[in-house]
Structures are given as structure tokens and as C-alpha cells.
Amino acid sequence: MSNAGVEQPTITAGRVTPARAAALAALLQIDAERMPAQTAIEAAARGVTLSAEDRAFLNELVNGVLRHRLHLDWALQQVAHETPYTAQPVLRHILRLGAYQVVYLDRVPDYAAIDQSVELVKLRLGPPSAPLANALLRELAKRHAGLIVPDLLDQPIEHIAVRYSHPRWLVKRWVKRYGAQRTITLCRANNEPPPLTVRVNRLKLSVAEYQRLLHEKGVVSSPCAVSPLGLRIEHGGPVAALPGYAAGWFYVQDEASQLVVLLLAPRPGDRVLDACAAPGGKTTQIAELMRDQGEILALDRSPERLSIVEANAKRLGLATIRTMAADATQPLPPPAADQLDRVLVDAPCSGLGVLRRHPEGKWAKDENSIAKSAQTARKILSNAALLLKPKGVLVYSTCSTEPEENQEVVQEFLSRHRNFRLEDPRPLLPASAGPLFTGQGYLSTVLKEGNMDGFFAARLVKVK
């Protein structure tokens, strides 16, 4: 298998390349602190001199290991037989890094991947551990092409879990709901790097104007399939290097996420609550749709995360957003009841619809996290509903694939709140969004065409 976009950094004999050393540090931090992968990558890169190729390689190594971790562990175990190695976290991660390069990166010579892994072991664990790493990776390099995963017909759960590197508990759920082939489709999509999608700030320029400016700079882009606000960009460098970043011409946001706010349909002059606002993508989109006229209250439990909302609003030139640190599972602070025109509850969830962006999420969650997230969502939804005016709109959304966090939360809410009804969302989106709507009146991008993240959304209206 290959990755044509990965360049192999120059290797100095007897030394570990900085990208590989940083990748190990990031993987250890992700495991130890449940840290998001991108945050760990950025932390590991600080204080280290990395070329552009090194930075790309660092990202590829960390995300590649996270995407394919179970398959790598299985392959290593096949060649290790009874040799114990998995109990030592540092050794385990070094072997995963080496195995990822051997199995998935044709551009990296096997000898380089093995030698660098052995040097990493010497550096972190001392020379006595090096022979084991050397032997395992050399054996993997010889045998990995001939390793046979469990049979799909005889052992469908094990086959999909190993071949496509997803937790067995999750594969079991998806096979029960979708069947084996659709589960494979979903798992394969999760292992693909996501596209770079931006929402153009139309308070500053049109989508067509920004696309033209990108073209003038040699950056290839195309309009999103459904969202009228977005562009897909072919770009290999830092986002901050794109034209107009500092001037607030765009915000990086997946197309599915953009569609959620279009269902809210905020108007200039509205009073709006974003009950779970950080990092501010949907909050700032609401402000742009309102032409920065009205009032937007952005809530989040974390003052640190709210500072990110404020920084994004400042960069985009938006003045109507006010932040407040509050727990939306508790009774919400003013504005008083029946005063808001729109409420967005983009609920904390399992995040199983955005695993391609956050591959570490596959290994940090379990089945209990789904029920816990659903319970949290129900509390937030009930609290937020109290603040709406009659005829006010409440949009509930998640980036989850699971019914317990999606339609089951909405159905329970409607059974307890007879003064709300589910409203048909189709008139609010272009005709091209037709395949994204379910027969029950929901928006769902899970397992749909368009290369979007997996989002769910429902538009609820307070009728009295």
C-alpha cells in the first residue's frame, strides 16, 4: 500500500529523525491523556525543528497509526507468535510506527523504517530492547503481504475489525444495523483523510470571488455539492497560508456541519443561543447568516474553549457574539424563558460520525459512552427548549452515527414536550440535498454520497 503525498525525511545514520521522535511523543500523549490527535501533534512539534516534509510526515505517521492501529497490532502479533511485547507502551507504539511504515507506506524503504524504529527503542528503552524490535519488524517486512485476515463469511465481525481497524464492539453494532458490506464502506471511509472544506465568509466576499482568488494563487477548489457556502480545496500546506486567512475570508468547516446551521435559518435581528458553542464554527456561521445583526449567546462549560470562539469571531470580523461559561445540562442563565428566536443544540456526543477527522476516537470510546452522551443531550435539549419564544426554532444535531444519540433523543423529547413538533427541513436546503433526508423528517449524512462527515440534525418548532 502506498501514500503518494508522503515524503521520506533525510535520515542521518545512527540518529532518529525528528518527525519520528515527535510522532512517538504524540502517540504516547494521546494514550496517556486522552488528548485529541491534532493537539498532541502540535504539542510534540513545538520546540523541534521540522521542515515542511517533516511536518507532513509527522501528521501522516500519527494519523496513520491511529487509523490502522488494530490491523497493525494484529499483524505484529501474527509474526510475534508468543513473544510478549504489548505490555510496554513505549515499545508498543514504536512497533506500531515501524509497522505502519512497512505495511502502508511504499515510499519509505523497509530498511529505513526498521532501522529508525530500532534507534527509537535504543533511545527510549535502551539497547537491550532493540533486538526484539529489530526481529519483529524484519519478520513483518518479509511476511506482511502473505498474512491472511479472518474470513469475511465465517467471521464477519473479526474480519472487518482487523482488516479495516475498528473496535470490535463498534463493528458488531454497525453490522447489526447496516449489514457487512455497508459497514465495510463506512469503515473504509473513516480510514480516508478528510477533504479540506471551508465556509466562505459572505460578509466579506462571495463564494465565487474567493474561488477566483484561490485560482489566481494556483490553489484548486470546487464548490461543495450541497452547501452554497462552501468550497473543497486541494491544498497541502498550512491553512493559515491560504489567501485571506488573517482577513477572515473563510472558516474551515465540513460541508455536513454547514448544513446543520442552514436548518436553523437564523435571520438578521434574531436572538439566538448556541448551547454547546466551542470552538465556534456553527456560532460564527449563525452570525454570518444574520449579517452580524442581532444577538448570539455562545455557551460552553470551558472558558478556555470559549476563548477560541472569541478568537474565531474576531478573525472573521463578527461583533454580535457574546460568550458565557455555563453548563447547558443545568438550568440555563438569562435570557429569560420565551425570549429566544433560535436555539442550536449541537450536543456533545460519541463523535462516531467524525472518526476520519479524529481517528483517536475509535480507541478512546466504548459502548457506554453512547448512553452517557444521549443522557447529556436530553438534559441540554430540555433546558434549551424553555428559552424559546412561541414559533421559535430549535435545531438538535450530533456528529454521531448512533440512533440512541440521534432520533431516539428527538423522539423522547417530542413525547415529553407536546408544544414542539418536528418540521420538514427540506425547503431550507438546495434540491441536491434530497438524498440526505430520511423518511422520518431528519437530516443524516451518514453513509451518504458527497464525502461528508457523519452528521444528524432535526428541526423542531415551538408551536405554543
Side-chain angles (χ1 to χ4, degrees), residues 170 173-174 176-178 182-183 185-187 189-190 194 197 224-227 253-265 274-277 281-282 285-286 328 342-358 361 365 367 369-382 384-385 393-415 417 420-426 428-429 432-461:
L170 184 56
R173 286 177 66 93
W174 286 350
K176 184 177 179 180
R177 187 181 320 131
Y178 300 126
R182 296 187 78 205
T183 298
T185 298
L186 183 52
C187 291
N190 286 341
T197 307
C224 286
V226 178
S227 172
Q253 185 180 15
D254 187 75
E255 184 175 6
S257 177
Q258 297 176 35
L259 301 182
V260 169
V261 181
L262 293 178
L263 293 192
L264 189 67
D274 187 348
C276 311
K282 296 182 182 67
Q285 185 182 351
I286 291 168
R342 300 282 191 275
V343 172
L344 174 63
V345 175
D346 185 38
C349 67
S350 63
L352 296 174
V354 290
L355 293 179
R356 64 179 186 170
R357 295 188 186 277
H358 304 286
K365 303 179 189 301
E367 205 150 12
S369 64
I370 296 169
K372 290 178 182 178
S373 295
Q375 184 178 10
T376 298
R378 287 192 290 269
K379 292 178 181 178
I380 297 174
L381 200 54
S382 293
V393 174
L394 191 164
V395 167
Y396 173 76
S397 69
T398 76
C399 54
S400 173
T401 57
E402 302 309 293
E404 297 98 314
E405 298 174 277
N406 295 338
Q407 55 265 43
E408 290 181 19
V409 169
V410 175
Q411 290 162 4
E412 181 176 334
F413 173 82
L414 290 172
S415 71
H417 297 78
F420 279 81
R421 63 176 172 81
L422 185 66
E423 186 167 83
D424 184 357
R426 287 175 294 180
L428 297 166
L429 294 180
S432 55
L436 306 180
F437 297 113
T438 72
Q440 295 77 34
Y442 305 123
L443 173 75
S444 175
T445 60
V446 178
L447 277 171
K448 302 292 175 62
E449 296 294 328
N451 197 15
M452 301 183 204
D453 288 346
F455 268 80
F456 167 91
R459 177 180 163 96
L460 306 165
V461 176

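Worth knowing before you read on, the calculation uses all heavy atoms, side chains too, and leaves out hydrogens, waters and symmetry mates.
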Nearest heavy-atom approach of C224 to S227 is CB-O, 3.6 Å

Where is the tightest heavy-atom contact between T445 and A256, given as atom of each residue plus distance? OG1-CB, 3.8 Å

Closest approach of I370 and E404, non-hydrogen atoms and distance? CG2-CB, 4.0 Å

Can a donor-acceptor pair be found, under 3.5 Å and without considering hydrogens, that links the side chain of N406 to the backbone of T398? no

Does the side chain of C276 reach to within under 4.5 Å of the side chain of I380, using non-hydrogen atoms? yes

Apply side chain to side chain contact (heavy atoms under 4.5 Å, CB included) to the pair V343 and V395, showing each step before the final yes or no. CA-CA 6 Å; V343 172; V395 167; over 6 Å; no

Once salt bridge (charged side-chain N to carboxylate O under 4.0 Å, His left out) is applied, what residue pairs with a partner in residues 393-403 remain, sequence neighbours excluded? R173-E402, R177-E402

For the residue pair Y178 and L186, establish whether any side-chain heavy-atom pair is separated by less than 4.5 Å. yes

If I compare all heavy atoms of L436 with all of E449, which pair ends up nearest, and what's the gap? CD2-O, 4.4 Å

Evaluate L344 against V260 for side chain to side chain contact (heavy atoms under 4.5 Å, CB included), listing each step before the verdict. CA-CA 9 Å; L344 174 63; V260 169; 4.0 Å; yes

Non-hydrogen atoms of Q285 and S257 that approach each other most closely: OE1-O, 4.1 Å

Does R342 use its side chain to pair, donor to acceptor, with the backbone of A265 at less than 3.5 Å? yes

Rounding to 0.5 Å, atoms CG (L394) and CG (L381) come to a distance of 5.5 Å

Answer yes or no: is there a donor N or O on one side and an acceptor on the other, between the side chain of T183 and the main chain of W174, under 3.5 Å? yes

By ring pair (Phe, Tyr, Trp, His ring centres under 6.0 Å) - contacts of F413 (at least two apart): H417, F420

Quick one, F456 and C349 - any side-chain contact, counting heavy atoms below 4.5 Å? no

Among C399, S350, P348, which residue satisfies the side-chain contact (heavy atoms from CB on, under 4.5 Å) criterion with E405? S350

Side-chain contact, heavy-atom cut-off 4.5 Å: L429 with L263? yes

How long is the gap from CG on L170 to CG on L355, to the nearest 0.5 Å? 7.0 Å

L262 side chain reached by V226 side chain, heavy atoms, under 4.5 Å: no

Is the number of heavy atoms from other residues, nucleotides or ligands under 6.0 Å of K448 NZ greater than 12? yes

Applying side chain to side chain donor-acceptor pair (under 3.5 Å), name anything that partners Q440, two or more places apart in sequence or on another chain. T438

Y442 side chain near L422 side chain, heavy-atom distance below 4.5 Å: yes

In this structure, CZ of R378 is separated from OG of S373 (nearest 0.5 Å) by 10.5 Å

Given side chain to side chain contact (heavy atoms under 4.5 Å, CB included), test L414 with V410 step by step and report yes or no. CA-CA 6 Å; L414 290 172; V410 175; 4.0 Å; yes

Value for CG (L264) from OG (S397), rounded to nearest 0.5 Å, stands at 9.5 Å

What one should report as the nearest heavy-atom pair of Q258 and T197 is NE2-CG2, 3.8 Å

Under the criterion salt bridge (charged side-chain N to carboxylate O under 4.0 Å, His left out), I'd like the reasoning laid out for D274 against K282: C-alpha separation, chi angles, the key distance, then a yes or no. CA-CA 8 Å; D274 187 348; K282 296 182 182 67; over 6 Å; no

With heavy-atom distances below 4.5 Å as the criterion, would you say the side chains of E255 and N451 are in contact? no

Show, in sequence, the C-alpha distance, side-chain angles and deciding distance for D254 and V354, and conclude whether the side chain to side chain contact (heavy atoms under 4.5 Å, CB included) test is met. CA-CA 10 Å; D254 187 75; V354 290; over 6 Å; no

